[in-house]
Amino acid sequence: MSQAPLVFGAPDIQADDIAQVLAVLQSGWLGTGPRVAAFEAQFAAFKGVDPRQVVAVNSGTAALHLSLLAAGISPGDEVITSPLTFCATVNVILHVGATPVLADVDADTMNLSATSVAARITPRTRAVLPVHFAGRPCEMDALLALTRARNLVVVEDCAHAIEARWREQPTGTLGDFGCFSFYATKNVTTGEGGMVIARDVAHAQRMRRLSLHGVDRDAWKRFSADGYPHYDVTDCGFKFNMMDLQAAIGQHQLARVQANSLRRQAIWQQYQAAFAGLPLTCPAQPDAHTVHARHLYTLLVDEARCGVSRDVFLARMLGQGIGVGVHYRAIPEHSYYQQSLGWQPADTPVATAIGRQTVSLPLGPGMGDADVQRVMAGVRQALEMT
Ligand SMILES: *Cc1c(COP(=O)(O)O)cnc(C)c1O
C-alpha cells in the first residue's frame, strides 16, 4: 500500500489557529484592525524592539519593497544582494528603479560573502541586502564593518530566519531594516503575510502610510464624535496592508515558534547524522555564537560523487512520495535577468554551482519520527545505496 505523500513545507496549523480565524470571521471586522495591532506588538516583544518600529504587511516582498522606499533608494542607486535567493529579493530593487548588483556567496555558509560584496562596491552603491539563507545568520560582523565604513543602508531579508540570532541579537535588528515573510512554507505563517522592522521609527511610520495607499491612518478612524472623518492621501502608496484574518493566525503561530524550533533542530541533527557517511555534502553546522532558524535542510548532490544527477535525485524522491524543493537555482540562471540585465550564471560561480546541486528535504514541526525515517530511507534509495 503506498503512503500518503509527504508535503514539502507543509504548514503547522492547529485547532488554535482555526478557532481564531472563525472568531475573526464572526467579529465582522476582517480588515486591518485590532488583531494586526496586537500581532505587531507581539512580534515587537519577540524581537525586543519598540512596537512603533514594526509594521505588518501582506508579504515579505512588500516588506522589502517598502524598506527600500523608506531608505530613499531610487534610480541611479546600486543595491548589492545575494544570487542565492528567491527572485523577490532582486525584483524589489528593480521595482524602486534602482540597479541590483549580485555579489557571490560563501561555499560553506551559502550566505553573502563580505569579500565579494566589498569587490562590488562602487560610488553608486547605496545599500546591501543580505539574505539569512536557510535560517543561518549571515556573517554580520564583516558585513556591518563594510557598510558602516561607507554609510550604506542594510536591509536584512529574514524570510528564512524569523527566530535566528547573531551574537544574541535577533535577526532583523542588526541592519537598518529587517524583512520577514509569513508565506505558507515559512517557520511562522499567516498564509500570505509579512512584517518589517525599522531601526528608525520615522521610517516605520512612512512604511505604515505607504502600506495603505499613502493614507494617514491617524485619520483612518471610522467613528468619531466630531463628525465624518475625511482622510488625507499624503503619499502615493500601495495596497500592502495585512488583514486581521491573517494576524489572528500569526498570533498563535508566533506563540509556538520556540517549541517548533526545537523540533526543527532535532530533525536537522538527525539528518546530519544519517547522511554523514553518504557521498553528499551536508549543510555546515551553525556557528556557536548564533541561533540558526533551521528553515531549510539542504543537501548538495554532485553527480560526479553520487553517480546520480540532482534532477534525477529530485525525481526519485518525488517518485517515493517525498516532497522536495530547490533553494535556489542562482538568480542569473533565469531568462528575465539574462535578457534584461545581461547576467550570466558564470558571474556568480559559487551560487550557480550550489543552485545546480541543491535539494531541500522536508523539515517541519509537524513531522513525526516515522516521517523523518521515511525521508532518511528515501535519500538512500534515491542514491541506490540501500
Ligand atoms: C519567501 C521569501 C521572500 C518573499 O516573501 P513573500 O512573503 O512570499 O513575499 C523573499 N525572500 C526570501 C529569501 C524568501 O524565502
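In listed order, ligands and their atoms are each counted from 1. Values in this document were obtained by computation on a predicted structure and should not be read as measured data.
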K.L.:
Heavy atom under 4.0 Å from ligand 1: found in Phe180's side chain, backbone, both, or neither?
P.N.:
neither

K.L.:
Does atom OH of Tyr183 have more than 12 heavy-atom neighbours from other groups under 6.0 Å away?
P.N.:
no

K.L.:
Under 4.0 Å from any heavy atom of Thr85, which atoms of ligand 1 are there?
P.N.:
13 (C)

K.L.:
For the backbone of Met243 and the side chain of Thr32, can you confirm whether one donor and one acceptor N or O come within less than 3.5 Å of each other?
P.N.:
no

K.L.:
To which protein heavy atom is atom 10 (C) of ligand 1 closest, and what is the distance rounded to 0.1 Å?
P.N.:
Asp157 OD2, 3.6 Å

K.L.:
What do we get for Ser59 next to ligand 1 when only non-hydrogen atoms under 4.0 Å count, side chain, backbone, both or neither?
P.N.:
both

K.L.:
Quick one: does Lys186 get within less than 4.0 Å of ligand 1, heavy atoms only?
P.N.:
yes

K.L.:
Going by atom types alone, do Glu139 and Thr109 pair a side-chain donor with an acceptor below 3.5 Å?
P.N.:
no

K.L.:
Indicate yes or no: does an N/O atom of Ser181 lie under 3.5 Å from an N/O atom of ligand 1?
P.N.:
yes

K.L.:
Can you tell me if Trp166 and Asp141 form a side-chain donor-acceptor pair at under 3.5 Å?
P.N.:
yes

K.L.:
Of the non-hydrogen atoms in Val131 and Cys138, which two are nearest, and what is the gap between them?
P.N.:
O-SG, 3.2 Å

K.L.:
Would Ala88 count as being in polar contact with ligand 1, using the rule that some N or O on each side must be under 3.5 angstrom apart?
P.N.:
no

K.L.:
At their closest point, which heavy atom of Val350 faces which heavy atom of Asp104, and how far apart are they?
P.N.:
N-OD2, 2.8 Å

K.L.:
Taking only heavy atoms of Tyr328 into account, list the atoms of ligand 1 that are under 4.0 Å away from them.
P.N.:
13 (C), 14 (C), 15 (O)

K.L.:
Ignoring hydrogens and geometry beyond distance, is a side-chain donor-acceptor pair present between Glu156 and His132 at under 3.5 Å?
P.N.:
yes

K.L.:
Would you check whether Tyr183 has a nitrogen or oxygen atom less than 3.5 angstrom from a nitrogen or oxygen atom of ligand 1?
P.N.:
no

K.L.:
When you measure from atom 4 (C) of ligand 1 to every protein heavy atom, which one gives the shortest distance, and what is it?
P.N.:
Thr61 OG1, 3.6 Å

K.L.:
I'd like to know if Gly193 contacts ligand 1, where contact means a heavy-atom distance under 4.0 Å to any ligand atom.
P.N.:
yes

K.L.:
List every atom of ligand 1 that sits less than 4.0 Å from any heavy atom of Thr89, numbering the atoms from 1 in the order shown and giving each element.
P.N.:
11 (N)

K.L.:
Can you confirm whether or not the ring centre of His295 sits under 6.0 Å from the ring centre of Phe86?
P.N.:
no

